[in-house]
Amino acid sequence: MLLEIKNVHKTFEGPEILKGIDLNVEKGDVVAILGPSGSGKTTFLRCLNFLERADSGEIVFDGVRCDLHTARKQQIAEIRRKTAFVFQNYNLFLNKTVLQNVTLGLTDTARKVPKQAAEETALKALEHVGMADKAKSYPNQLSGGQQQRVAIARALAVQPEIIYFDEPTSALDPELIGEVLAVMRRLADEGMTMLVVTHEMEFARNVSNKVVFMDGGRVIESGPSKEFFESPKQERSREFIRSILNKE
Amino acid sequence: MINEKTWDTIVEAFPKLLDYGVRITVPLTAASFAFAMVIAIAVAMIRYANVRGLKQACRVYVWIIRGTPLLVQLYLVFYGLGHYFHVNEYVVAIAVFAINEGAYMSESLRGALESVPKGQVEAGYCVGMSYFGIMRHIVLPQALRTAFPSLWNSLISLLKGTSLAANITIIEMFREAQIINGVKFEPLALYAEVAVIYLAFCSILTLVQRVIEKRLNRFGGVK
Ligand SMILES: Nc1ncnc2c1ncn2[C@@H]1O[C@H](COP(=O)(O)OP(=O)(O)OP(=O)(O)O)[C@@H](O)[C@H]1O
Ligand SMILES: [Mg+2]
């Protein structure tokens, strides 16, 4: 087991947003996290990387236990070193070139990769997402799809054991979604472990091997993708799938 | 009104005024601005990062400086403190100018820091960067870019403000004009002349600003 997530709780102000989330991720898994808006998917993902501090819960990453509420700086750095995060709105460093966006995580972190080696790694990562020819561009000179591919290259370059994606295509114009999904599909084929919050049913059904369906801060149903789409067990899952299919 | 004597005074005064401008006014401005910049960055970062205790101190600093006249601050330090301690007029001038303008600059820089999207900070954490690494490479450069026009305004206002140093025995460009006037008694001509020289200095700064801004905007960069 690469990652065990146990009993994650989170409240901001007011009602509890995460009411005890459990999830197991094997190496090479592509897990699609589905659920209606406001069900806590983003919050869950952010808690795993300490962008939000969970009220309680723990993860076991590669056999190393870590409390999501009390983790210290050192532990957080340890976890972050093994993970990468791709945001809905890319969050590229706007004052840096595409290449610098990718190298910063190598040169200016505990990884301390020398500049030249970092640039080689970065270029490889950029090639992987088809963005090497834009290495010298600035983010604002790129389309949304291109920016998101650079963000994926930035995530790849640090050689994470798992990449978290929070709705990586939701901010994109429809005609740009395909290029990003294609990159993600390729990563999946290459065995990258991925935890993907998404509204792309095609991706959830055909690329991911597991689905987690969340609603109201709880996991309503989880299991192999095929099963989830062909024979959902919970009434709420069925409703959700129906509503999505109607929209499509 | 401009007879030959007046004209002679103007011509004679010009190199002297320019000399004091270049030797005193400009360095005074540059030194004050450099220190003001250091103060502004420190104060803005403390307030941005919400450092407990220090943050309140910074707020009080900005409140006091913005709420009192610069001339009074100069007098307070030079004549007030100078009454009890030995003070050097140049040190006082640079310190007071820097502390004064630094307060205004810290405010615009703080706003600019806040305006850098938080998502970039989070992305920095996620690739493993430290807080200071993120500030240094990501947030501060973008904030300086955003705040640039307003910081440059501060530079221009500092340049003009150095004329107040005449009040604490420093002979700079304006004081030199006063001194020449004491001999020639041509106040209109001489003060107009010194005004024109200030205007020229400020115009040069404005031109430089345009060049720098063009550079900053050349790449899609930060909008
Ligand atoms: N920083 C915050 N402070 C207060 N409330 C928050 C914060 N972040 C999220 N919430 C609340 O938590 C709930 C869950 O939000 P979250 O963004 O995790 O949902 P989501 O499943 O990702 O939704 P979507 O599909 O719209 O992205 C929402 O009601 C939201 O208002
Ligand atoms: Mg979300």
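Note: hydrogens, waters and symmetry copies are ignored here, and every other heavy atom, side chains too, is used. Lettering follows sequence order; numbering is per chain, from 1. Everything numeric in this text was worked out from a predicted model, so none of it was measured.
- No side-chain heavy atom of A:Leu94 sits under 4.5 Å from any side-chain heavy atom of B:Val116.
- For B:Gln56, the CD atom is densely surrounded, since the number of other residues' heavy atoms within 6.0 Å is greater than 12.
- Per-residue heavy-atom pair counts under 4.5 Å with chain B were compared for A:Thr97, A:Leu92, A:Leu142, and the maximum is reached by A:Leu92.
- The number of heavy atoms from other shown groups lying within 6.0 Å of OH (B:Tyr84) does not exceed 12.
- B:Cys126 has its side chain out of reach of A:Tyr164: every pair of non-hydrogen atoms, C-beta onward, lies at least 4.5 Å apart.
- Residue contact with chain B, scored on non-hydrogen atoms closer than 4.5 Å, is absent for A:Ile79.
- In A:Lys73, the NZ atom is not crowded: 12 or fewer heavy atoms of neighbouring residues, nucleotides or ligands sit closer than 6.0 Å.
- Applying the salt bridge (Lys or Arg N to Asp or Glu O under 4.0 Å) definition to pairs two or more places apart or across chains, those involving residues 59-76 of chain B are B:Arg66-B:Glu107.
- The side chain to side chain contact (heavy atoms under 4.5 Å, CB included) test with A:Lys96 is passed by exactly one of B:Gln142, B:His137, B:Gln120: B:His137.
- Using a 4.5 Å cut-off between non-hydrogen atoms, the part of residues 40-72 of chain A that approaches chain B consists of A:Arg46, A:Asn49, A:Leu51.
- For A:Glu175, the CD atom is densely surrounded, since the number of other residues' heavy atoms within 6.0 Å is greater than 12.
- When every heavy atom of B:Ile138 is checked against every heavy atom of A:Leu104, the shortest pair comes out as CD1-CD1, 3.5 Å.
- Counting heavy atoms of neighbouring residues, nucleotides and ligands inside a 6.0 Å radius, atom OH of B:Tyr191 exceeds 12 of them.
- More than 12 heavy atoms of other residues, nucleotides or ligands sit less than 6.0 Å from atom OH of B:Tyr90.
- Proximity to chain B involves both the backbone and the side chain of A:Arg80, based on heavy atoms less than 4.5 angstrom apart.
- The shortest heavy-atom contact between B:Val127 and A:Arg111 is O-NH1, 2.7 Å.
- Here B:Tyr75 pairs with B:Tyr79 under the ring pair (Phe, Tyr, Trp, His ring centres under 6.0 Å) rule; sequence neighbours left out.
- Shown here are the ring pair (Phe, Tyr, Trp, His ring centres under 6.0 Å) partners of A:Phe93, two or more places apart in sequence or in another chain: there are none.
- By the 6.0 Å contact criterion, CD on A:Glu190 is enclosed, its count of non-hydrogen atoms from other residues, nucleotides or ligands being greater than 12.
- In terms of heavy atoms, A:Asn95 sits closest to B:Pro141 at ND2-CB, 3.4 Å.
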